[in-house]
Amino acid sequence: MARLVLHVLGILLICVPTFALAQEALAQKVVLEDGWEYRWGDSPRLPDGTVLWIIDADAPELWQTMSGIGNPPGRNDQNNLWMRHRIPEGNWHQPVLFVSSLNLIGEAYVHGDRIYQHGQLNDNGTGSFAGWTWHAIPLPTGSADEYLYLRLYSTYKDIGLWGKVMVMEKAEVLPMIIADTRADLLVSALCMVIAGLAGLLILASPQQWRLASIGLFALATSIMVIAESDASQLLLARPLLWDYLAAASYFSLPVAMALMLEHWFPQCRHWLLHSIWVAHLAYMFAAVGLAMLGLASLTMAFPVFDVLLLISLTLIGLILFRRHRTFDTDQWLVILSYVAFAIVLITDMLVAHGLVHWYSVPVNLGALVFALVIVLISLRFYARSQRELHHLNSFLEREVEIRTQALETHAERERERATLLAIEHNKSQELAHLIDCLQSIGALESALQRTVDAMPDLLHPLHGAFYRLDPQTGCLKLDAVWPEHHQAPHTLETPLPSYESLADHLRPGSMTRHQSPSRNYSRLTNEDGGASQYWLLPLDIPRANQQFQRLGVLYLVPHENQHWRTAHSDRTLQFIEMGIGRLSLVLSSISLQEELATMSYQDGLTGLHNRRYFDELMAHEAAIAIRKRSPLSLAIIDIDHFKQFNDRHGHAAGDSVLCSVSRMLSNSFRDIDVVCRLGGEEFVVLLPGAQADDALQRISRMTRALSESAFRYGEASLGTVSVSCGIASYPANTNDPHALLLLADKALYRAKAEGRARITIASHDDAPS
């Protein structure tokens, strides 16, 4: 909008020298307000496109004389109108017919030729609204005393011409428009300045909502004045766009006026007053929006708005009249300015609807005066408020001086509290970050080490240490200390309560402020009875059956010269204990996940890896063997006649034998060899990098040791057991290491078929075809 004001001012500066010429040229203008003739309907056309009514110009009985320049009698729902007038003689170089506006679209003809067009008329003589604007219709040379025909179409209540209608020089049009619109441009610029100042004051003091309604009114007035001014087409030749802007700003004026009343008359705040500006706001969006979408006519929105505005002004007057005895001087001044502006609006409506003879109603000047009066009243109100505020400030300053000392003491306590809260907030964020890091760690030991590494930063500025439990001695041994120069005991022998006992102390309601002796486990004085102290806090994680596993003990030494003041020591200790509780839950979750992962890959009876682990390992080792072209062997071992063994000695004895065989298998192979239990009495051994002969030698040693072992279960002798084994090797037996399990199984089947208690190596015949 600021750029628009600059454009307007530039046009004014450029065209100032032409104002005098425009005044001198007025004598050469011929006004055509009388002598027009008209015909209702649209003219038919000959096959060659010639307009019949223009050819038949000498049929006087078909044309009727009209009074004025618009709305001839006998319309009877007609939307097409033809008008004509003889072009007057004059000494013009470039004559034009200047028309302030026409309703709504039309064409101009001279000598049977179309010389001008506004909007687009189709073959049926209809078209869409193209906007209200002024027209400078060029007249052909030598057309004096010839008929000028106007073909018009309008669905509006008015049809015909509007405003000024005159023949003049083309060069005189621009100076005339500039001269006629100087006041409009000045009013628009002043209203824009008022709107800008109101916006700046609102930004500086958001409580000045009275200024918001004034700024809205001034902004709407500025846009409306420039949009309805003839100078708008000099800035941007888009009449329909300017009409939309004019409609939106004109329709929003009652919104701003009602908002001003709500703020100026708090005793008159009524649901009806609120509903008035809401209804006008809704009408503005609905009318403009539907018109832009082509669902309604913008021209018909103005008469409907005028009716709505008259109703709103009447209702506002009734609301104000009911409370008129409560008004002060400022409110009466506001009412007088409202009444004056309402009279201007109503007069403009009467002129627009033809109830009063046309003349230019200074709506723009009335809006400017109204805005200026409201601004002056607001400034008067503001000045009085400032005086009252000054007296109030003086009183408050005296009160502040009386209470300063008490407030300073309170402020000191609040600063200490704010410092503690800031530290707690930062420590909470660091703890949350540590917990997020721990979530991605799958091993308890790694998570605990990560926690210990973070303790110096997390517990700063406290000095401290962390102790881990030595399973051999049962003592707590020093694991970490901070800072490096801090002297901490190498071991701790002080008995500590379990995490469960600590949790009891942390439950809400279990301890009051004066029950600190119950926390002696964490607040231990030195042997010399001095005031210095240290805190011991166990880090335990819950286990099954309500048991707890101690991971370590935290040793902390609070210092009085740090931010951790003695007055806040109880709160500090409670905050640390809550943090340890959160870490305990996270570490417990990691421990549980670690145990679940171990259980998912481990056979519960023998402790060997299970079938799931073998499947994943087999896929991994097969891929490595293919990539590195390295040998890979696999052996399946089955205990012979194990079902009969269980039937004879019982399943408990059979489980004992399975565990013993598992231990022998685990001790018979290399560290890189993996023994798994496939299920029941069947085992599998995966030997990376081993040929079939290597596997045969290792399994042979194991079977010899097994044959020499006598098993016992309790006091009963179980005797010996034998095993059958099938071996397959890559690449000796197959080109696909994934087929080793199938080949070894076939070799095992042959070993059993040949009498059991033997080892069979897969042959090429076992390979899948």
Side-chain angles (χ1 to χ4, degrees), residues 1 4-5 7-8 11-12 70 98-105 118 129-136 156-158 161-165 173-174 176-192 194-195 216-257 280 284 287-288 291-292 297-306 309 341 344-354 356 358-371:
M1 190 55 67
L4 179 62
V5 174
H7 279 304
V8 173
I11 293 174
L12 284 173
F98 180 84
V99 180
S100 295
S101 179
L102 57 84
N103 290 317
L104 292 173
I105 57 178
H118 175 62
F129 178 56
W132 281 305
T133 182
W134 54 268
H135 308 272
Y156 187 48
K157 64 181 186 63
D158 293 330
L161 307 182
W162 182 262
K164 296 179 180 179
V165 181
V173 174
L174 181 59
M176 180 187 68
I177 292 175
I178 296 298
D180 292 344
T181 57
R182 280 180 297 178
D184 293 338
L185 297 177
L186 181 60
V187 169
S188 178
L190 290 176
C191 289
M192 186 60 66
I194 294 174
L216 176 62
F217 181 87
L219 179 63
T221 301
S222 176
I223 297 175
M224 180 187 69
V225 170
I226 192 64
E228 292 183 347
S229 170
D230 289 342
S232 61
Q233 301 304 312
L234 303 178
L235 300 173
L236 181 64
R238 295 290 182 87
L240 191 56
L241 174 62
W242 288 111
D243 287 337
Y244 280 123
L245 291 175
S249 56
Y250 182 51
F251 295 162
S252 64
L253 288 180
V255 178
M257 295 171 66
H280 278 280
M284 179 193 72
V288 177
M292 294 180 68
S297 173
L298 181 64
T299 58
M300 298 308 300
F302 287 92
V304 177
F305 172 79
D306 291 340
L309 181 59
F341 186 56
V344 174
L345 290 177
I346 293 174
T347 304
D348 183 63
M349 292 181 199
L350 296 175
V351 173
H353 292 282
V356 176
W358 182 89
Y359 70 95
S360 180
V361 180
V363 177
N364 51 3
L365 184 60
L368 176 62
V369 172
F370 175 76

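Basis for what follows: all heavy atoms, side chains included, without hydrogens, waters or symmetry-related copies. Every value quoted in this text rests on a predicted model; they were computed, and no experiment measured them.
A donor-acceptor distance shorter than 3.5 angstrom exists from the side chain of S249 to the backbone of L245, with no hydrogens or angles considered. At least one donor-acceptor pair closer than 3.5 Å links the side chain of T181 to the backbone N or O of I177. Put simply, the side chain of S252 gets close to the backbone of A248: a donor and an acceptor are under 3.5 Å apart. With hydrogens and angles ignored, the 3.5 Å screen pairs no side-chain donor or acceptor of H280 with any backbone N or O of L253.
The CG atom of D184 sits 8.0 Å away from atom CG of D230, with the distance rounded to the nearest 0.5 Å. One finds the CE atom of M224 at 11.5 Å from the CG atom of L219 (value rounded to the nearest 0.5 Å).
When every heavy atom of S222 is checked against every heavy atom of C191, the shortest pair comes out as CB-CB, 3.7 Å. Pairing each heavy atom of P239 with each of Q233, the nearest pair is CA-NE2, 3.4 Å. Residues I226 and L185 approach most closely at CD1-CD2, 3.3 Å, considering heavy atoms. The heavy-atom pair separating M300 from P303 by the smallest distance is O-CD, 3.3 Å. Of all heavy-atom pairs spanning G131 and D243, the tightest one is CA-OD2, 2.7 Å.
Inter-residue side-chain proximity for W242 and T133 is flagged as unmet; no heavy-atom pair is nearer than 4.5 Å. Using a 4.5 Å heavy-atom threshold, the side chains of H135 and F98 count as separate. N103 is listed as a side-chain neighbour of W132, based on a closest heavy-atom distance under 4.5 Å. In this structure, the side chains of L298 and Y244 come closer than 4.5 Å at one or more pairs of heavy atoms.
Ring geometry for F305 versus F251: interplanar angle of 30 to 60°, hence tilted.
With sequence neighbours left out, the salt bridge (Lys or Arg N to Asp or Glu O under 4.0 Å) criterion links D180 to K164. For the side-chain hydrogen bond (donor to acceptor under 3.5 Å, both in side chains) test, no residue two or more places apart in sequence or in another chain qualifies with W134.
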